[in-house]
Student: 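Before we start, here is the structure in question, set down as structure tokens.
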Amino acid sequence: MNQTMLKGGSPDRFGYEWATYNTILPESRDQLKHWLGTTPLESFATKRVLDVGCGMGRNSYWVAKAGAREVVAVDVDEGSLNSARQNLGGMPNVSVKPLSAYDLAPDKLGAKFDAAICIGVLHHLADPPKALEKMWSCLASGGELHLWCYGKQGNRIWLVPIQMARFLGSRLPIQASHVLAKIFTAMIWPVLHYFPWKTPYYRRFKELSYKNIESIVFDQMLPRIAHYWTAEDMHALVAPLGGKALVEEVLGNSWHVCVTKT
């Protein structure tokens, strides 16, 4: 549900989103904890962490709060970067850099990292294998790459309406897409609260604020590229890295993948 950094993708549209929905909500900490699967947020304590596709900086914020020694947050659109700088500017252990996932390299970032996170970004990229290769190059031996990506399972009931909304939202002027997102949110808000959802992800919507739901709806309408992967797809994507991979289901409709560099 986050940002992208790709040629031919939608960095400008996500930049508009994160310039508009730029407040770090307390509930976003629990969202990140879910996206990390069985990896505790506290496991980033004392580590040097790279946040690829940081958006407005909420994941970097919570990783830094968990005790990371240093967090480097990267993105490409000025809307995202400005919001990230505002949200993270008071944290001495965090820096924000304008850098594409495709241009990551240790010499551009000062040193290799103990961990890298890429939350809600990889599935919006035109060339996921190249981005993974670049992230991998920035990890030190023993480092961990954490990915959160859309899954095919658990989303099938929503895929048709989501794809219809995305077809419109990714082509309309961004302001028009924003207005539509507000209308759609008002329409689905009662459904999210009273429909007996089987997928844990959709059941959790009852715990989120209206503003958060609105940003999620808007986020779904923006990208020109959105991959929905199976567990087999995730294994195939990270296999060329050669690390030890853990692929686990998150909330019944997505994947957390942790790849350890041996």
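From a predicted model like this one, the values you see are computed outputs, not experimental measurements.
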Student: When rounded to the nearest 0.5 angstrom, what is the spacing between CG in Leu104 and CD in Glu133?
Tutor: 11.0 Å
Student: Going by the angle between their ring planes, with limits at 30° and 60°, are Trp229 and His227 parallel, tilted or perpendicular?
Tutor: parallel
Student: Check Leu237, Leu132, Ile119, Ile117 against Leu147 for a side chain to side chain contact (heavy atoms under 4.5 Å, CB included) and give me the one that passes.
Tutor: Leu132
Student: Checking the side chain of Arg29 only, and the main-chain atoms of Trp62 only, is there a donor and an acceptor separated by less than 3.5 Å?
Tutor: no
Student: Evaluate the side-chain contact (heavy atoms from CB on, under 4.5 Å) criterion for residues Leu145 and Leu139: first the C-alpha distance (whole Å), next the side-chain angles of each, then the deciding distance (0.1 Å), finally the verdict.
Tutor: CA-CA 8 Å; Leu145 173 60; Leu139 282 177; 3.8 Å; yes
Student: Can you tell me which residue pairs pass the salt bridge (Lys or Arg N to Asp or Glu O under 4.0 Å) test with a partner in residues 253-262, sequence neighbours excluded?
Tutor: none
Student: Just by modelled atom types, is the Ile216 backbone N or O under 3.5 Å from a matching donor or acceptor in the Asp219 side chain?
Tutor: no
Student: Nearest 0.5 Å, please: how far is OG in Ser28 from NZ in Lys33?
Tutor: 12.0 Å
Student: Checking Lys130 against Tyr102: charged group under 6.0 Å from the ring centre and within 45 degrees of the axis?
Tutor: yes
Student: Could you tell me whether Lys152 and Glu232 have a side-chain N and a carboxylate O separated by less than 4.0 Å?
Tutor: no
Student: Hey, does the side chain of Lys108 reach the backbone of Asp103 with a donor-acceptor pair shorter than 3.5 angstrom?
Tutor: yes
Student: Do the rings of His124 and Tyr150 sit parallel, tilted or perpendicular, given the 30° and 60° boundaries?
Tutor: perpendicular
Student: Applying side-chain hydrogen bond (donor to acceptor under 3.5 Å, both in side chains), run through Glu248 and Thr38 and close with a yes or a no.
Tutor: CA-CA 8 Å; Glu248 52 188 350; Thr38 57; 3.0 Å; yes
Student: Walk me through it: do Val74 and Leu109 pass the test side-chain contact (heavy atoms from CB on, under 4.5 Å)?
Tutor: CA-CA 10 Å; Val74 303; Leu109 295 165; 4.3 Å; yes
Student: Working note: Met221 + Arg166, criterion side-chain contact (heavy atoms from CB on, under 4.5 Å); need CA distance, chi angles, decisive distance, verdict.
Tutor: CA-CA 4 Å; Met221 293 175 61; Arg166 186 173 291 143; 5.7 Å; no
Student: Check for me whether Arg171 meets the cation-pi criterion with Phe167, that is, NZ or CZ under 6.0 Å from the six-membered ring centre and within 45 degrees of the ring axis.
Tutor: yes
Student: Please identify which of these residues, Asn87, Asn82, Leu81, Thr23, meets the side chain to side chain contact (heavy atoms under 4.5 Å, CB included) condition with Met56.
Tutor: Asn87
Student: Strictly distance-based, threshold 3.5 Å: is any side-chain N or O of Thr230 a donor or acceptor partner for the main-chain N or O of Asp233?
Tutor: yes
Student: State whether the side chain of Glu144 and the backbone N or O of Asp114 hold a donor-acceptor pair below 3.5 Å, judged by distance alone.
Tutor: no
Student: Are side-chain heavy atoms of Glu70 and Val49 found at a separation under 4.5 Å?
Tutor: no
Student: How far apart are the C-alpha atoms of Asp77 and Ser80, what are their side-chain angles, what is the distance that settles it, and do they pass the side-chain hydrogen bond (donor to acceptor under 3.5 Å, both in side chains) test?
Tutor: CA-CA 5 Å; Asp77 184 86; Ser80 297; 4.7 Å; no
Student: Only pairs at least two apart or in different chains count here, so list each ring-ring contact (aromatic ring centres under 6.0 Å, His included) that has a residue in residues 238-262.
Tutor: His146-His256
